[in-house]
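Notes to accompany the following structure.
Heavy atoms only: backbone and side chains are in, while hydrogens, waters and symmetry mates are out. Each chain gets a letter, A, B and so on, in the order the sequences are listed, and its residues count up from 1.
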Amino acid sequence: MLITFTDGSQAEFPAGTTPQDILKERKRPGDPLVVGARVDGQPVDLTRPLHQDTRLEFLTFDDPEGRDIYRHSSAHLMAQAVRELYPGAQLGIGPALEDSFYYDIQLPEFLNPEDLAKIEARMAEIVQRKLRIERQDVSKEEAAKLFRERGENLKLELLDEMDDAISVYRQGDFVDLCRGPHLPTTGYIKHFKLLSLAGAYWRGDESKPMLQRIYGTSYPTAEALQEHLHRYEEAKKRDHRRLGRELDLFSFHPEAPGTPFWHPKGLVLMEQAIQYWRQMHQRAGYQEIRTPLILSDVLWRMSGHYDHYRENMYFSRMEDRDYAVKPMNCPSGLLVYKTYQFSYRDLPVRFAELGHVHRFEKSGELHGLIRVRAFTQDDAHIYCTPDQIESEVVNLIGLIFEIYNTFGFHEVRVELSTQPEKSIGSAEMWRRAEKALENALAKADLPYELNPGEGAFYGPKIDFHIKDSLGRSWQCGTIQMDFSMPERFELEYIGADGERHRPVMIHRAILGSLERFIGLLIEHYAGDFPLWLAPVQARILPITDKQHDYARALRERFQAAGLRVEADLRNEKVGYKIRQAELEKVPLMLVVGGREAESGAVSLRVKGQGDQGSRTPDEVIALMREAVDQKRSLLKEDEH
RNA sequence: GCUGGCGUAGCUCAGUCGGUAGAGCGGCUGAUUUGUAAUCAGCUGGUCGGGGGUUCGAAUCCCUUCGCCAGCUCCA
């Protein structure tokens with residue numbers, strides 16, 4: 001048979017030769033570890049015999065598929081160790097993740113974090129055994145018999161739903177139902193660490209029993225593993241919950257779980273973000289409104305929230321009338337729309353609302369600022385004709401990316417979700433709306449993922465996701481078409497024909513939740529905010545108390561220029577004040593001693609970059625004003 | 001909500017076998033008058049998350065409750 005390699009070269013091999021055999025002939029010293037092969041585009045085991053002419057590629061750990069093979073075999077290794085240590089263990093599923101792996105296992109006893117070390121030790125031992133990992137294609141009956149004998153009921157359940165093309169992988173006494181591919185032997189797995197334990201419902205179903213999930217990661221070199229662990233530690237340091245306390249931005253209290261208490265410095269972030277947001281929205285043709293927090297249940301019954309969202313709502317009863325705290329702004333926003341009689345000439349109407357909404361989230365869901373029970377949505381509703389959808393969405397996408405850019409977010413994942421099985425509105429309406437969203441995405445030249453059937457029941461949507469420091473992805477922006485509300489609330493506008501028409505409604509948010517967005521900002525900048533956002537933009541550090549009057553005068557001058565400046569008048573040495581300002585991540589320090597007081601100057605120090613020499617206060621003010629106005633960092637290019 | 005883990009001073013954390021609760025940082029007071037990441041000294045600090053129980057005696061053991069953390073589930 002004729003094998004074609006990635007470099008275009010070709011060679012003859014006898015049928016039945018495995019990629020591993022071929023690799024032995026072609027390998028040169030210093031080549032990276034090959035963990036699998038790709039045959040005509042399909043990843044396969046290195047030990048899979050080849051029988052016909054093919055294109056052959058070797059996969060290393062640097063290929064995503066290679067990494068998956070490595071991690072997947074690591075998961076099997078871990079499962080084998082657990083089966084050996086806990087004979088009653090039943091395996092669920094154990095896939096590779098982006099940079100780790102896990103296995104869900106049912107055990108008669110609960111594991112402690114200390115047990116992980118035991119499992120790791122056994123894994124190391126199995127690696128030493130250098131067991132061959134062998135694939136076997138079996139029939140469904142054979143597989144069922146095998147797992148029945150081994151008491152693996154969970155595997156039998158999986159098997160039930162599978163077609164007849166079943167493969168199992170063996171390494172020593174261990175067998176797992178698996179599609180593969182895998183490493184040739186357990187000896188390949190060089191460096192691994194088990195990371196954590198957690199519960200996970202079998203097949204993700206709340207009604208099914210909970211299994212124990214063990215997370216781990218593995219790498220071909222010790223350095224790569226160390227680097228992974230180090231990265232994780234660094235990420236934890238920029239966790240917004242930790243920085244929120246350290247930088248005195250906000251706090252949480254058991255008296256109101258899941259709802260942040262903003263401290264003065266944190267509120268500066270919020271207010272700056274809002275100021276900028278208002279400016280952008282005014283420019284984009286929005287009018288801001290504000291509607292009540294508590295509204296009659298009659299409204300919520302009409303909007304459908306009472307039927308679909310009651311579990312997440314807070315209720316109150318006064319004078320025998322029922323009220324609900326709003327979980328969304330749209331119903332009350334619609335009441336505002338209905339006070340007008342709009343003509344087609346008025347459309348699109350864009351009403352924005354920074355609405356404070358309350359949603360009851362299950363206690364286990366709460367997560368710092370990122371998942372809360374009360375938050376401020378940067379909401380807006382656009383009412384337009386069907387013909388205007390596309391251009392509105394194009395403009396909106398532009399606005400969204402401009403705002404994300406200003407905040408330093410350049411990595412955004414975009415998803416388009418289309419009509420779900422259960423939905424309202426005509427097929428024609430859906431087709432048109434989906435097309436409009438697709439066209440808008442194409443015009444914006446945006447790559448996106450398609451989520452067929454994942455739209456809301458009332459319309460298709462585009463979602464924008466941003467990642468947090470630990471790589472978790474969070475939805476911020478959203479553009480949702482809504483065919484339901486205009487019907488329910490009988491919205492109208494007067495068309496050119498003088499008749500009443502129903503407008504299309506677009507719900508949209510850009511930051512999503514201001515609270516969440518600020519949490520993401522904190523992590524994104526690791527607390528080193530660009531000057532325009534920094535809660536304290538500069539701190540004046542007098543060297544002795546003889547400069548206190550000068551420091552106070554300076555402070556006034558900077559504050560008069562609209563800058564957020566403090567003076568550290570404590571009886572401490574300047575080194576101490578500098579250290580503290582650095583730790584508090586104050587971007588600028590203005591050191592003033594006898595010399596500066598004498599000459600009316602300041603000694604400028606930039607956080608993380610040290611002494612910048614003497615400047616006049618006016619020079620520093622001009623520098624700062626410019627950086628603030630341009631929303632960029634001072635004296636250095638924004639790294640984010 | 002579910003599974004597991006955790007909760008000791010404002011913060012970070014120690015506390016052995018059940019036997020009078022500790023350190024560093026912080027805060028306060030004083031001395032020092034300081035030149036680019038920690039000056040020195042003294043003082044202060046606690047319902048050991050809350051409640052109940054076992055015990056002569058509980059931070060420590062048990063029950064319960066609240067909160068936090070990881071994951072799962074959910075996310076109109």
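- Across the protein-nucleic acid pair, A:Y102 atom OH and B:C72 atom P stand 8 Å apart, rounded to whole Å.
- Look at CD on A:Q547: it is 14 Å from P on B:U36, rounded to the nearest Å.
- B:G35 and B:C28: their C1' atoms are spaced 28 Å apart (whole Å).
- Evaluation of atom-type donor-acceptor distances gives a pair under 3.5 Å for the side chain of A:E365 against the base of B:U73.
- No close placement of the A:W300 and A:Y309 rings is indicated, their centers lying 6.0 Å or farther apart.
- When heavy atoms are screened at a 4.0 angstrom cut-off, A:Y215 is found touching the sugar-phosphate backbone but no base atom.
- Per the geometry, CE belonging to A:M589 stands 9 Å off P belonging to B:A37, to the nearest Å.
- Proximity note for A:R371 (side chain, C-beta onward) versus B:G71, B:U36, B:C75: the nearest is B:C75.
- B:G51 sits 15 Å from B:C66 when the P atoms are compared, rounded to a whole Å.
- Nearest approach of A:I289 to A:G333, heavy atoms of both residues: CD1-CA, 4.3 Å.
- Atom CD of A:E255 and atom C1' of B:U65 are 15 Å apart (whole Å).
- Where A:E206 and A:D545 meet RNA chain B, the nucleotide closest to each residue was compared, and A:D545 sits on the side nearer the 5' end.
- If you check every strand for non-hydrogen atoms under 4.0 Å, A:Y201 touches a base.
- Of the C1' atoms belonging to B:U20 and B:C56, the separation is 15 Å, rounded to the nearest Å.
- Looking at heavy-atom distances under 4.0 Å, A:R605 makes contact with a base.
- Contacts of A:H230 classified as side-chain hydrogen bond (donor to acceptor under 3.5 Å, both in side chains), with partners at least two apart in sequence or in another chain: none.
- The interatomic distance linking A:Q580 (CD) with B:U39 (C1') rounds to 15 Å, in whole Å.
- Closest contact between the side chain of A:R579 and the listed nucleotides B:C68, B:A38, B:G71 involves B:A38.
- A:N329 and A:V357 make their closest contact through OD1-CG1, 3.5 Å (heavy atoms, listed as atom of the first residue, atom of the second, distance).
- Contacts of A:K546 with the nucleic acid, taken as non-hydrogen atoms under 4.0 Å apart, involve only primed sugar atoms and P, OP1 or OP2.
- B:C62 and B:G1: their P atoms are spaced 23 Å apart (whole Å).
- Using the six-membered ring where Trp is involved, A:H507 and A:Y458 have ring planes that are tilted, between 30° and 60° apart.
- Aromatic ring orientation, A:Y314 versus A:F360: perpendicular (interplanar angle above 60°, classes split at 30° and 60°).
- A:F192 has its ring centre no less than 6.0 Å from the ring centre of A:F101.
- If you check B:C11 for Watson-Crick or wobble pairing at under 3.5 angstrom, you find it paired to B:G24.
- To the nearest whole angstrom, the two C1' atoms, one in B:G26 and one in B:C11, are 7 Å apart.
- The CD-P distance, from A:Q106 to B:C72, rounds to 18 Å in whole Å.
- Look at B:U60: it lacks any Watson-Crick or wobble partner with both distances under 3.5 angstrom.
- Ranking B:C66, B:U39, B:G35 by closeness to the A:K573 side chain, first place goes to B:U39.
- Nucleic acid contact class of A:V574 (heavy atoms, under 4.0 Å, all strands): sugar-phosphate only.
- Between B:A59 and B:A21, the two C1' atoms lie 8 Å apart (nearest whole Å).
- Considering only side-chain N and O atoms, A:R241 lies under 4.0 angstrom from the phosphate OP1 or OP2 of B:A70.
- Pairing of B:U3, defined by two Watson-Crick or G-U wobble distances under 3.5 Å, is identified with B:A70.
- Residue A:G364 is in base contact, counting any heavy-atom pair closer than 4.0 Å across all strands shown.
- For A:K362, taking side-chain heavy atoms from C-beta onward, the closest of the listed nucleotides B:C74, B:C72, B:A37 is B:C74.
- Using a 4.0 Å heavy-atom criterion, one finds that A:M210 contacts the bases of the nucleic acid, with or without backbone contacts as well.
- With a 3.5 Å ceiling on both atom-pair distances, the Watson-Crick or G-U wobble partner of B:A41 is B:U29.
- Listed candidates were B:U36, B:U33, B:A70. Nearest to the side chain of A:A198 is B:A70.
- A:E572 comes within 4.0 angstrom of a base, heavy atoms only.
- For B:C25, neither phosphate oxygen OP1 nor OP2 lies less than 4.0 angstrom from any side-chain nitrogen or oxygen of A:Y576.
- Between the OH atom of A:Y103 and the P atom of B:C72 there is a distance of 17 Å, rounded to whole Å.
- Comparing A:V592 and A:S363 by the nucleotide of RNA chain B whose heavy atom lies nearest to each, the residue mapping closer to the 5' end is A:S363.
- With rounding to whole Å, A:M313 atom CE is found 22 Å from B:C74 atom P.
- Within the 4.0 angstrom heavy-atom criterion, no nucleotide atom of any strand lies near A:G610.
- Proximity of A:H367 to the phosphate of B:A70: a side-chain N or O atom is located under 4.0 Å from OP1 or OP2.
- Residue A:Q212 places no side-chain atom within donor-acceptor reach of the base of B:G71, judged by atom type and a 3.5 Å distance cut-off alone.
- The aromatic rings of A:Y102 and A:Y215 sit tilted, their planes meeting at an angle between 30° and 60°.
- Taking atom C1' in both B:A41 and B:G5, the straight-line distance is 43 Å, to the nearest Å.
- Here, B:G57 and B:C72 have their C1' atoms 43 Å apart, quoted to the whole Å.
- Residue contacts shown for A:E584 are absent, as no nucleic acid heavy atom lies under 4.0 Å away.
- In terms of phosphate contacts, A:R245 brings a side-chain nitrogen or oxygen within less than 4.0 Å of OP1 or OP2 of B:U12.
- Under 4.0 Å is where a charged nitrogen must lie from a carboxylate oxygen, and between A:E152 and A:R83 at least one such pair does.
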